[in-house]
Chemist: 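Handing you a structure now.
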Amino acid sequence: MNDTVSFGYRDVDASEKQGMVRAVFSNVAAKYDLMNDAMSGGAHRLWKDQFVARVKPRKGEDILDMAGGTGDIAFRMHRHGATVTVSDINPEMLAVGIERAKKKGLDGLIWSEQNAEELTFADRSFDAYTIAFGIRNVTHIDQALREAHRVLRFGGRFFCLEFSTTTWPGFSDVYDAYSHRLVPKLGKLFAHDEDSYRYLIESIRRFPPMPKFEGMIREAGFVQTKVEPILGGLVAIHSGWKV
């Protein structure tokens with residue numbers, strides 16, 4: 001039986017998803033940050049600030065920022081003195097991040113093209129692993145979580161920022177209508193790409209709800225797992241520790 005996974009609202013062969021997702025992000029890389037502002041009204045900046053505050057990056061730490069492409073999370077952690085390795089499966093996204101770092105005059109970041117499911121880093125290489133708005137695009141999420149656990153040192157921490165399903169009555173209906181009807185139109189307007197942004201919204205709807213994803217993090221070996229909902233779970237910060 002073929003291994004099928006979700007690609008938006010479609011089920012596709014697992015072997016095809018990685019290439020399909022890569023094509024989406026190749027298409028949107030140049031306008032990715034502009035579209036994040038347009039889609040969230042700039043709120044994604046506050047969510048990322050809150051996320052990094054929870055990570056508490058410190059000077060001398062080695063941190064892996066997976067799916068970190070354009071550098072938004074890495075730049076914030078770099079300011080705290082951490083040594084940050086920015087990894088992404090998509091070279092176009094990394095290229096955008098490298099160019100942004102140059103314009104900001106940020107030195108010392110490490111850029112590495114990586115597949116979250118098959119990291120090339122040695123066991124116990126990092127003090128923290130972060131991934132923001134990226135894990136829902138991974139073909140086998142459980143495998144990526146196991147890899148995150150593998151590359152963390154004992155006492156290392158895992159943090160994931162991801163869209164989820166808000167539990168606020170009424171708000172979920174309003175957001176569903178907005179995201180399905182307006183976001184693809186914004187994608188067409190700003191990035192000339194309606195289909196890619198339709199996929200991004202659909203991928204949010206297919207992502208596991210907060211309790212199920214927390215269970216997956218535990219199954220990967222993490223302990224003291226925690227979920228911090230934002231806007232009732234529209235976005236959530238997931239965390240866990242390797243002991």
Side-chain angles (χ1 to χ4, degrees), residues 5-6 8 36 39-58 61 63-69 72-74 76-77 80 82 87 116-117 119 126-176 178-179 200-243:
V5 293
S6 66
N36 280 342
M39 288 190 299
S40 70
H44 74 101
R45 298 172 185 269
L46 300 176
W47 301 336
K48 290 169 181 174
D49 287 342
Q50 185 172 340
F51 178 67
V52 172
R54 298 295 181 269
V55 177
K56 295 184 174 67
R58 295 183 289 273
E61 286 192 319
I63 301 180
L64 174 61
D65 183 36
M66 191 64 224
D72 263 8
I73 299 297
R76 287 167 167 82
M77 296 193 294
H80 294 270
S87 293
E117 298 177 40
L119 298 173
F126 298 97
D127 299 295
Y129 175 113
T130 61
I131 183 166
F133 303 124
I135 200 148
R136 74 179 189 277
N137 298 306
V138 172
T139 303
H140 298 104
I141 293 172
D142 54 349
Q143 194 168 320
L145 291 172
R146 287 195 297 269
E147 277 291 89
H149 189 271
R150 180 184 68 79
V151 300
L152 280 172
R153 295 173 180 137
F154 294 115
R157 56 209 190 277
F158 168 87
F159 280 88
C160 174
L161 177 66
E162 189 53 87
F163 287 106
S164 191
T165 304
T166 182
T167 57
W168 285 355
F171 181 55
S172 58
D173 295 333
V174 172
Y175 182 74
D176 273 352
Y178 158 76
S179 59
L200 291 175
I201 292 301
E202 291 175 359
S203 68
I204 294 169
R205 296 297 167 268
R206 294 294 294 269
F207 190 69
M210 290 179 285
K212 183 175 181 180
F213 184 51
E214 183 183 11
M216 293 174 71
I217 295 170
R218 286 197 301 269
E219 286 170 12
F222 291 100
V223 300
Q224 296 180 359
T225 58
K226 182 181 176 182
V227 184
E228 181 179 353
I230 301 172
L231 295 177
L234 176 68
V235 179
I237 298 173
H238 293 264
S239 59
W241 294 77
K242 177 177 178 177
V243 297

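Quick note: residue numbers are just sequence positions, from 1.
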Chemist: For F159 together with Y129, are the ring centres under 6.0 Å from each other?
Modeler: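 Centroid distance Y129-F159: not below 6.0 Å, so no.
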
Chemist: Answer yes or no: is there a donor N or O on one side and an acceptor on the other, between the side chain of K242 and the main chain of L152, under 3.5 Å?
Modeler: yes

Chemist: Looking at F163 versus F207, is the centre-to-centre ring distance below 6.0 Å?
Modeler: no

Chemist: Please find the pair of heavy atoms, one from E147 and one from L119, that lie closest to each other, and give the distance.
Modeler: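 Heavy-atom minimum between the residues: OE2-N, 2.8 Å.
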
Chemist: Are any of the side-chain nitrogens in R157 or E61 under 4.0 Å away from the carboxylate oxygens of its partner?
Modeler: yes

Chemist: Kindly say whether L231 contributes a backbone atom to a donor-acceptor pair with the side chain of T166 at under 3.5 angstrom?
Modeler: yes

Chemist: Using every non-hydrogen atom in the two residues, find where E162 and R136 come nearest and quote the distance to one decimal.
Modeler: OE2-NH1, 2.7 Å

Chemist: Minimum heavy-atom separation for I63 to F126, with atom names?
Modeler: C-CD2, 3.7 Å

Chemist: Using ring-ring contact (aromatic ring centres under 6.0 Å, His included), reason through F158 and H149 one step at a time and then give a plain yes or no.
Modeler: CA-CA 8 Å; F158 168 87; H149 189 271; 9.7 Å; no

Chemist: Could you tell me which non-hydrogen atom of V5 sits nearest to which non-hydrogen atom of T139, and how far apart they are?
Modeler: CG1-O, 3.8 Å

Chemist: So, H238 side chain and V227 main chain: donor-acceptor pair closer than 3.5 Å or not?
Modeler: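 The answer is no, because no donor-acceptor pair under 3.5 Å joins these two groups.
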
Chemist: Any idea which heavy atoms bring F51 and A132 closest together, and the distance?
Modeler: CE2-CB, 4.4 Å

Chemist: Test your reading of the model: is there a side-chain donor-acceptor pair from T167 to the backbone of G232, 3.5 Å cut-off?
Modeler: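 Judged by distance alone, yes, a pair lies under 3.5 Å.
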
Chemist: Return the minimal non-hydrogen interatomic distance between M210 and A236, and the atom names on each side.
Modeler: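 Residues M210 and A236, closest heavy atoms: SD-CB, 3.8 Å.
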
Chemist: Do S87 and D65 come within less than 4.5 Å of each other through their side chains, counting heavy atoms only?
Modeler: no

